[in-house]
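For ligands, and for the atoms within them, numbers begin at 1 and follow the listed sequence. This structure is a prediction, so every number in the text was calculated from the model and none was measured.
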Amino acid sequence: MTETEQFDLRIEGLNVYYGRIHALNDVSMTVPEGQIVTLVGANGAGKSTLLMTLAGVLKAKSGSLTFGGQPLPDAPHRVLAGGVSLVPERRRLYANLTVRENLMMGAHLQTKMSVIREDMERMMNLFPIIRERVKQYAGTLSGGEQQMVAVARGLMSRPKLLLMDEPSLGLAPLIVRQVFETISGLKEQGITVLLAEQNAMNSLEIADYAYVLETGRVALEGTGRQLLEDERVKEAYLGIQKKSVEQ
Ligand code: ATP
């Protein structure tokens, strides 16, 4: 790893297929260490496919994936051991396990119980609601609380890079705002974030850099601010129509 490379994630010429469906088509992007990079796109654009490929769940047909200058492993447990953790779409908590047990799942590579206890305490300080709910079954929590547990579970492996798939999905507007504040807070703690979202407005507001995916290809890229001001993004993703000349 060179000094300038640090723990940047680099994706070059990535192609992923489901059978004959070409889900990611020659995708290239960079997630620099310490930044929040957002992936905006409609349903089916390929956001989850990209995150699951990075997490080692799906196999790439071609392309190069490196993290900190080293090839990203292609098995989920090795990706996790390498410092990359996925917070999957729709949280995927074990509803009939307690919050504590769900958090333990995130620490399954950690062998020292003292470290797990320390990390659990850290999570309860980061998300005070988890302290209140730690003995409850995860399925009894509200959607927003479950999202916090999913993020905490992702953090239990002490990742350098957190991949987040649609964390605001199905949440009430007030809770959505809290989720995005939480993500901004992760950056303050030095965690790099790659965030896939259909909620373009909120996710671009917190993004250092962003990519728009359309049917498996990168259609646009720029800083969060540049994309928020881009006419195509406004029309297609922010629901803002161009004013007609007659108006
Ligand atoms: P969403 O927000 O709905 O999850 P997305 O941007 O994450 O959308 P993907 O789920 O990555 O999009 O889907 C990309 C493309 O791959 C779509 O055309 C989708 O229909 C297809 N696809 C996804 N999963 C599968 C699968 N298991 N088998 C076949 N095709 C799939």
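The neighbour count for R158 CZ, taken as heavy atoms of other residues, nucleotides or ligands under 6.0 Å away, is above 12. Within a 6.0 Å radius of CZ in R225, other residues, nucleotides and ligands contribute 12 heavy atoms or fewer.
We find the CG-OG distance between L14 and S62 to be 7.0 Å, quoted to the nearest 0.5 Å.
The 4.0 Å heavy-atom shell around ligand 1 contains residues Y18, I21, A23, A42, N43, G44, A45, G46, K47, S48, T49, E89, E166, Q198, ordered by chain and number.
Looking at residues two or more places apart in sequence or on another chain, you find a salt bridge (Lys or Arg N to Asp or Glu O under 4.0 Å) between R78 and D74. Partners of R122 under the salt bridge (Lys or Arg N to Asp or Glu O under 4.0 Å) rule, at least two apart in sequence or in another chain, are D119. With sequence neighbours left out, the salt bridge (Lys or Arg N to Asp or Glu O under 4.0 Å) criterion links E145 to R133.
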